[in-house]
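Here is how names work: the chains are called A, B, and so on, in the same order as the sequence lines, proteins then strands, and each is numbered from 1.
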There are 2 protein chains.
Amino acid sequence: MRHTKNPTQILSAYGMRHTGCRSQILEQFIYHDFALSHNYIESHIDSKYDRVTIYRNLKAFLDKGVIHKVLDDEGGIKYALCNDACTEHDHHHNHVHFKCEKCGKTICIDSLKIPEISLPANFEAKELNLLIQGTCDECT
Amino acid sequence: MRHTKNPTQILSAYGMRHTGCRSQILEQFIYHDFALSHNYIESHIDSKYDRVTIYRNLKAFLDKGVIHKVLDDEGGIKYALCNDACTEHDHHHNHVHFKCEKCGKTICIDSLKIPEISLPANFEAKELNLLIQGTCDECT
DNA sequence: GTAACTGCAAAATATTTGCATCCTT
DNA sequence: AAGGATGCAAATATTTTGCAGTTAC
């Protein structure tokens, strides 16, 4: 598990109100080391929380920089915890995400840096997002 | 414009039946040099073609290797023409896609090769998909 | 002629919005 | 107390499926 904080600490750190739903959503992210979809979260947390509330909280987490979107080859959106350095106004994401074609999990590989890439003239890059598909270490 | 073929040639090359809807969809791809969403296509081709037919033809094009999915930071799916070498059974996509945050267009940068990346032990890469976000040459 | 393609209707799924109520601070 | 969070209902958007009729080859 890469994340050492607990839900309460995360909510405090980002100045967000502490609610049951938010804690449970964060627990899912902390517990799992792969990216989660809204659908996955909905079916894994206490069902007393409304689907709409989950949507709104995911959006709030995105806004605050607590989580980030993870692209998927299927077009579905998944989410994962940001590293500690992300804030509402300072996202610096050079993500490498790996999607295993066997188990279907998408994980963040923080240790990998994306190499420098020289774009054509007059193109300016601000954010990089590399999705690698293949077979993960647990499935080889 | 990077693609020199016309709809008729493409359909023939991939062994697909020639229909009005397919030709019009392909015309959109040939005419534009950025990735198109289902929604964009639907609102830009002759309205006599049903939304469902467009879905089915996009799927058929995907299956045959005529087009490929383009990841979007918003999670929406877009599509773009494959290069000539793609077929139904042999996709070799090391895509670099650039999404301009100003004009919103996503273009394929075929000229860029993604550098070799060494994955952690026991990870096997089969496909790479790099999405770069920033400002394109027309918007700088 | 026949398999493939299309249109229409409808179902299934996904996401957003409005509003009244409740909870955190 | 006040603004934010929640639940519910409903609107909107997206994608899929079934089936009957039409078309490409």
Side-chain angles (χ1 to χ4, degrees), chain A residues 6-28 35-79 88 104, chain B residues 6-28 35-79 88 104:
Chain A
N6 60 43
T8 303
Q9 291 172 318
I10 293 173
L11 290 171
S12 296
Y14 287 89
M16 301 180 76
R17 291 198 174 179
H18 298 219
T19 68
C21 184
R22 288 180 176 175
S23 291
Q24 291 210 19
I25 293 175
L26 290 177
E27 261 177 29
Q28 290 297 314
L36 308 179
S37 64
H38 170 279
N39 197 43
Y40 183 95
I41 294 168
E42 187 190 349
S43 57
H44 282 76
I45 71 174
D46 194 324
S47 61
K48 80 179 175 188
Y49 293 109
D50 195 88
R51 165 179 299 164
V52 175
T53 302
I54 301 171
Y55 274 114
R56 286 194 270 228
N57 280 331
L58 286 174
K59 198 160 292 180
F61 288 148
L62 278 178
D63 288 345
K64 292 285 184 176
V66 181
I67 62 177
H68 62 271
K69 285 185 182 178
V70 176
L71 300 181
D72 191 275
D73 60 316
E74 309 296 339
I77 309 178
K78 295 181 177 178
Y79 308 89
E88 182 168 1
Chain B
N6 60 42
T8 302
Q9 291 172 317
I10 293 173
L11 290 172
S12 295
Y14 287 89
M16 301 180 75
R17 290 198 175 181
H18 298 220
T19 68
C21 184
R22 288 181 177 173
S23 291
Q24 291 209 18
I25 293 175
L26 289 177
E27 261 178 28
Q28 290 298 314
L36 307 179
S37 64
H38 170 279
N39 197 42
Y40 183 95
I41 294 168
E42 187 189 350
S43 57
H44 282 76
I45 71 173
D46 193 324
S47 61
K48 80 179 176 190
Y49 294 109
D50 195 87
R51 166 179 297 164
V52 175
T53 301
I54 301 171
Y55 273 115
R56 286 193 271 228
N57 280 331
L58 287 175
K59 198 159 293 178
F61 288 148
L62 278 178
D63 288 345
K64 292 285 184 179
V66 181
I67 62 177
H68 62 271
K69 285 185 182 177
V70 175
L71 299 181
D72 190 274
D73 59 317
E74 309 296 339
I77 309 178
K78 295 181 176 180
Y79 308 89
E88 183 168 3

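Checking Gly20(B) against His38(B), the closest nucleotide of DNA chain D that is more toward the 5' end is the one next to His38(B). Both Met16(B) and Val52(B) lie close to DNA chain C; mapped to their nearest nucleotides by heavy-atom distance, the more 5′-ward contact belongs to Met16(B). Each of Arg22(B) and Ile77(A) was assigned the nucleotide of DNA chain C with the nearest heavy atom; the assignment lying further toward the 5' end belongs to Arg22(B).
Rounded to whole Å, atom P of dA24(D) lies 11 Å from atom NE2 of His18(B). Regarding Glu42(A), its CD atom lies at a distance of 10 Å from the P atom of dT15(C), rounded to whole Å. Rounded to whole angstrom, the span from the CG atom of Asp50(A) across to the C1' atom of dC19(C) amounts to 14 Å. Taking atom NZ of residue Lys59(A) and atom C1' of nucleotide dT15(C), one finds them 7 Å apart after rounding to whole Å. Asp63(B) places its CG atom 14 Å from the C1' atom of dA4(C), with the value rounded to the nearest Å. Atom CD in Gln24(B) sits roughly 17 Å away from atom P in dC5(C) (whole-Å rounding). Distance, Tyr55(A) OH to dG18(C) P: 17 Å, rounded to whole Å. Put simply, CG on Leu62(B) is 10 Å from P on dT16(D), counting in whole angstrom units.
Across Leu36(A), Ile67(A), Thr19(A), Ile54(A), a single residue satisfies side chain to side chain contact (heavy atoms under 4.5 Å, CB included) together with Ile25(A), and that is Ile54(A).
OP1 or OP2 of dG7(C) has not a single side-chain nitrogen or oxygen of Lys48(B) nearer than 4.0 Å. At dG4(D), none of the side-chain N or O atoms of Thr19(A) fall inside 4.0 Å of OP1 or OP2 (strictly under the cut-off). Not one side-chain nitrogen or oxygen of Arg51(B) sits closer than 4.0 Å to the OP1 or OP2 atom of dT14(D). Within the 4.0 Å cut-off from OP1 or OP2 of dT6(C), at least one side-chain nitrogen or oxygen of Asn57(B) is found.
One distance of note links CZ of Phe61(A) with CE of Met16(A); it measures 5.0 Å at 0.5 Å rounding. Interatomic distance, Glu27(A) CD to Ile41(A) CD1, rounded to the nearest 0.5 Å: 12.5 Å. Atom CZ of Arg22(B) sits about 11.5 Å away from atom OH of Tyr49(B), to the nearest 0.5 Å.
Contact annotation: side chain of Arg56(A) to base of dG4(D), donor-acceptor pair absent below 3.5 Å.
For Arg17(A), the listed nucleotide lying nearest its side chain is dC23(C); candidates were dT6(C), dC23(C), dT15(C).
Shown here for Ile45(A) and Gln28(A), the closest heavy-atom pair between the two residues is CG2-CG, 3.5 Å.
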